[in-house]
Amino acid sequence: MMRVLRGQMARIDDGFPEAVSADPTRLRQILVNLVGNAMKFTDQGQVTLRCGRGAAPSTMKFEVTDTSIGIDADLQAQLFDDFVQADSSISRRYHGTGLGLSICRRLVELMGGEIGVESVPGKGSTFWFTLPYGAADAGALPETDPLPATGRYKTVRPLHVLVVEDNEINQIIIGNILDKMGCDYIVADNGIEGVEAVQTVDFDLVLMDVRMPELSGPDATRRIRALGGEKGRVPIIALTADAMAENRQSYFDAGMNGFVSKPIIVDQLAVAINSVLCEAGAAPLESIEQSAP
């Protein structure tokens with residue numbers, strides 16, 4: 001079976017289980033990182049996600065194949081180590097990719113799986129991982145809502161939000177969350193575009209990815225704070241998969257007001273919005289419905 005998604009392809013093999021007992025949040029984070037990296041490095045061609053059964057019983061195998069620049073053989077074994085990237089010039093252009101791969105490795109290993117890469121320089125790469133799974137409870141259905149939501153929230157007043165995020169999949173996920181919360185939003189693909197957007201448009205809030213090409217989230221935040229006035233004081237929430245405490249402090253030092261880890265949980269985003277706005281900016285939908293006349 002083949003599905004076409006925004007110019008990319010997903011292949012789901014026959015016999016792939018429709019419902020399993022596994023960790024959906026960690027699986028989502030791994031796939032977002034691998035597919036996002038593949039799209040980031042693929043200037044021309046395509047990215048394909050294949051979902052199938054692993055060689056061992058009760059295992060799933062996921063393969064993300066791209067037509068990117070590829071990776072030299074002597075670097076492939078080190079690619080999943082902390083803070084490793086294939087080339088310094090690539091690191092400057094595609095900031096943060098090495099950290100995402102190290103996170104993927106840790107998550108896969110935590111769930112008892114394996115991860116690896118096969119690549120030919122100049123032709124592309126295939127990142128793959130396997131995960132064991134248990135039998136789903138009787139009557140379980142596949143998850144249909146793509147959002148990692150545990151609650152439903154609506155903003156209590158109209159909020160105009162800037163989303164600064166280079167990963168297209170994350171843009172879609174965050175946009176879906178903001179749509180459901182009743183926010184208007186604009187997407188900037190990197191830090192430079194984010195700073196330009198703040199200079200030209202008035203926003204109530206900025207959701208800022210930390211690791212981006214061209215200009216990182218903390219550096220973009222410093223430039224926004226240097227604008228002064230109302231624009232320089234716009235609340236900024238950091239979005240990142242890097243939740244290490246020492247790095248988190250550096251985001252606040254750069255001038256960010258809040259922090260939400262990826263994959264984004266709607267409850268945590270609502271709490272962060274309320275905190276940085278110093279008001280009940282987002283409230284549970286049930287409470288809004290109950291208070292309505």
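Sequential numbering from 1 along the given sequence is applied to the chain's residues.
- Using a 4.5 Å heavy-atom threshold, the side chains of Asp13 and Arg50 count as touching.
- Arg157 has a carboxylate O that lies under 4.0 Å from a charged side-chain N of Asp204, or vice versa, which qualifies the two as a salt bridge.
- Taking all atoms of both residues into account, the shortest heavy-atom contact from Phe203 to Ala197 is CE1-O, 3.5 Å.
- To the nearest 0.5 Å, the span separating CD on Gln171 from CG on Asn176 amounts to 12.0 Å.
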* Evaluate the criterion side chain to side chain contact (heavy atoms under 4.5 Å, CB included) for residue pair Val198 and Leu162; output intermediate values, then yes/no. => CA-CA 8 Å; Val198 170; Leu162 173 64; 3.7 Å; yes
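- In this structure, Met256 and Val206 have side chains that are not in contact, with every pair of non-hydrogen atoms separated by 4.5 Å or more.
- Under the 4.5 Å side-chain heavy-atom criterion for ILVMFWY residues, a single connected hydrophobic cluster contains both Val201 and Ile192.
- Atom CD of Glu63 sits in a crowded spot, with more than 12 heavy atoms from other residues, nucleotides or ligands closer than 6.0 Å.
- Leu178 contributes atom CG, which lies 11.5 Å from atom NE2 of His160 (distance to the nearest 0.5 angstrom).
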* To do: Output, in order, the C-alpha distance, side-chain angles, deciding distance and verdict of side chain to side chain contact (heavy atoms under 4.5 Å, CB included) for Arg225 and Ile236.
  => CA-CA 10 Å; Arg225 296 302 181 224; Ile236 300 175; 3.6 Å; yes
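- Separating the CD1 atom in Ile177 from the CG atom in Asn170 is a distance of 9.5 Å, to the nearest 0.5 Å.
- Between Phe80 and Phe127, the ring planes are perpendicular. Angles over 60° get that label, and only those under 30° would be called parallel.
- Side-chain contact check for Arg53 versus Met60: every heavy-atom pair is 4.5 Å or farther apart.
- Within a 6.0 Å radius of CZ in Arg223, no more than 12 heavy atoms belonging to other residues, nucleotides or ligands are found.
- In this structure, Val64 is not a member of the same hydrophobic cluster as Trp128, with clusters built from ILVMFWY side-chain heavy atoms closer than 4.5 Å.
- Atom CD1 of Ile12 sits about 9.0 Å away from atom CD of Glu18, to the nearest 0.5 Å.
- Leu107 has its side chain out of reach of Cys104: every pair of non-hydrogen atoms, C-beta onward, lies at least 4.5 Å apart.
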* Asked: Please walk me through it: do Lys231 and Ile224 pass side chain to side chain contact (heavy atoms under 4.5 Å, CB included)?
  -> CA-CA 7 Å; Lys231 291 185 177 296; Ile224 291 172; over 6 Å; no
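- Residues Ser261 and Gln268 have side chains in contact (heavy-atom distance under 4.5 Å, counting atoms from C-beta outward).
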* **Worked verdict on Leu34 versus Leu101 for side chain to side chain contact (heavy atoms under 4.5 Å, CB included)** => CA-CA 8 Å; Leu34 293 184; Leu101 293 177; 3.7 Å; yes
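- When the side chains of ILVMFWY residues are joined at heavy-atom separations under 4.5 Å, either directly or via intervening members, Val271 and Leu207 end up in two distinct hydrophobic clusters.
- How far CG of Asp209 is from CD1 of Ile237: 13.5 Å, rounded to the nearest 0.5 Å.
- No salt bridge links Glu109 with Arg106; every basic N to acidic carboxylate O contact stays at or beyond 4.0 Å.
- Under the 4.5 Å side-chain criterion, counting only non-hydrogen atoms from C-beta, Asn190 is not in contact with Val164.
- Ring pair Phe62/Phe16 is perpendicular by interplanar angle, where above 60° counts as perpendicular and below 30° as parallel.
- Expressed to the nearest 0.5 Å, how far CG of Asn167 lies from CG of Asn33 amounts to 7.5 Å.
- Contact annotation: the side chain of Leu239 approaches that of Ile264 to within less than 4.5 Å [non-hydrogen atoms, C-beta and beyond].
- Taken together through direct or relayed side-chain contacts under 4.5 Å among Ile, Leu, Val, Met, Phe, Trp and Tyr, Phe252 and Val210 form part of one hydrophobic cluster.
- A 4.5 Å side-chain heavy-atom check between Asp184 and Leu159 finds every atom pair outside the cut-off.
- Nearest approach of Leu205 to Val234, heavy atoms of both residues: N-CG2, 4.1 Å.
- Nearest heavy-atom pair across Gly124 and Ser119 is O-OG, 3.1 Å.
- Remark: the Asp253 side chain and the Gln249 side chain contain an N/O donor-acceptor pair separated by less than 3.5 Å.
- Just one residue in the list Ile115, Val20, Thr59, Val108 forms a side chain to side chain contact (heavy atoms under 4.5 Å, CB included) with Leu131, and that residue is Val108.
- When all heavy atoms of Ala254 and Thr221 are compared, the pair lying nearest together is O-CG2, 3.4 Å.
- Of all non-hydrogen atoms in Val195 and Ala220, the two that sit nearest each other are CG2-O, 3.6 Å.
- Taken together through direct or relayed side-chain contacts under 4.5 Å among Ile, Leu, Val, Met, Phe, Trp and Tyr, Tyr133 and Met111 form part of one hydrophobic cluster.
- Classification of Lys262 and Glu165 as a salt-bridged pair holds, one side-chain N sitting under 4.0 Å from a carboxylate O.
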